[in-house]
Amino acid sequence: PASFGGRHMTPTFQTPHAQFCFETATHFTACRGRGATRTRETFDTWAEAVAYAQTQGDGRTMLYAVNALGNNAHISNA
């Protein structure tokens with residue numbers, strides 16, 4: 001996972017894979033819950049995904065980057 005740096009919520013990557021997925025992302029997902037109660041929302045931009053996560057107010061929304069090859073990486077929680 002990445003951590004946020006700066007006021008624009010720019011991720012700091014922990015692995016080359018996470019950075020690759022983020023830089024080649026076609027969309028981003030925000031996931032909450034687990035098992036039968038898991039929800040997933042899809043966003044065109046990182047900023048939209050972060051803004052959605054922040055509306056939840058608990059820092060437990062998992063944000064993922066997904067690229068055209070189907071690669072994905074957990075980027076951060078927000």
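Numbering of residues begins at 1 and proceeds along the displayed sequence.
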Undergrad: Between Phe22 and Trp46, how do the two ring planes meet: parallel, tilted or perpendicular, split at 30° and 60°?
TA: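 The arrangement is perpendicular - the two ring planes meet at more than 60°.
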Undergrad: Which heavy-atom pair separates Arg32 from Arg60 by the least distance, and what is that distance?
TA: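 Between these two residues, the closest heavy atoms are NH1-C, 3.9 Å.
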Undergrad: Could you work out the complete set of other residues in the hydrophobic cluster of Met62, with links drawn between I, L, V, M, F, W and Y side chains under 4.5 Å apart?
TA: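 Result for Met62 is Tyr64.
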Undergrad: Are Phe13 and Val66 in one and the same hydrophobic cluster, where Ile, Leu, Val, Met, Phe, Trp and Tyr link if side-chain heavy atoms are under 4.5 Å apart?
TA: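 Cluster IDs for Phe13 and Val66 differ.
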Undergrad: Could you work out, with side chain to side chain contact (heavy atoms under 4.5 Å, CB included) as the rule, every residue matching Arg40, not counting sequence neighbours?
TA: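 Side chain to side chain contact (heavy atoms under 4.5 Å, CB included) check on Arg40 returns Thr29, Cys31.
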Undergrad: Keeping Thr37 on the side-chain end and Gly33 on the backbone end, is there a donor-acceptor pair under 3.5 Å?
TA: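 Flag not set: sc Thr37 to bb Gly33 has no pair under 3.5 Å.
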Undergrad: With sequence neighbours excluded, tell me which residues meet side-chain hydrogen bond (donor to acceptor under 3.5 Å, both in side chains) with Asn71.
TA: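 Partners of Asn71 by the side-chain hydrogen bond (donor to acceptor under 3.5 Å, both in side chains) criterion, ordered by chain and then number, come out as Asn67.
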Undergrad: Under 3.5 Å, is there a donor-acceptor pair between the side chain of Glu48 and the main chain of Thr45?
TA: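 It does hold such a pair.
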Undergrad: By side-chain hydrogen bond (donor to acceptor under 3.5 Å, both in side chains), which residues pair with Thr26, not counting sequence neighbours?
TA: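 Here no residue qualifies.
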Undergrad: For Ile75 and Ala18, which heavy atoms make the closest approach, and how far apart are they?
TA: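 So the minimum-distance heavy-atom pair works out to CD1-O, 3.7 Å.
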Undergrad: Quick one: list whatever passes side-chain hydrogen bond (donor to acceptor under 3.5 Å, both in side chains) with Glu41, sequence neighbours left out.
TA: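 None.
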Undergrad: How would you list, by chain and number, every residue that makes a side chain to side chain contact (heavy atoms under 4.5 Å, CB included) with Ala25, sequence neighbours excluded?
TA: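 Partners of Ala25 by the side chain to side chain contact (heavy atoms under 4.5 Å, CB included) criterion, ordered by chain and then number, come out as Phe28, Ala65.
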Undergrad: Within the side chain of His17, is there an N or O that forms a donor-acceptor pair under 3.5 Å with the backbone of Asn72?
TA: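 Yes; at least one donor-acceptor contact below 3.5 Å.
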Undergrad: Minimum heavy-atom separation for Asn77 and Gly59, please, with both atom names.
TA: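 That closest heavy-atom pairing would be CB-O, 3.5 Å.
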Undergrad: So, taking the atom named OG1 in Thr39 and the one named CZ in Arg34, what distance separates them when rounded to the nearest 0.5 Å?
TA: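 Going from the OG1 atom of Thr39 to the CZ atom of Arg34 covers 13.5 Å.
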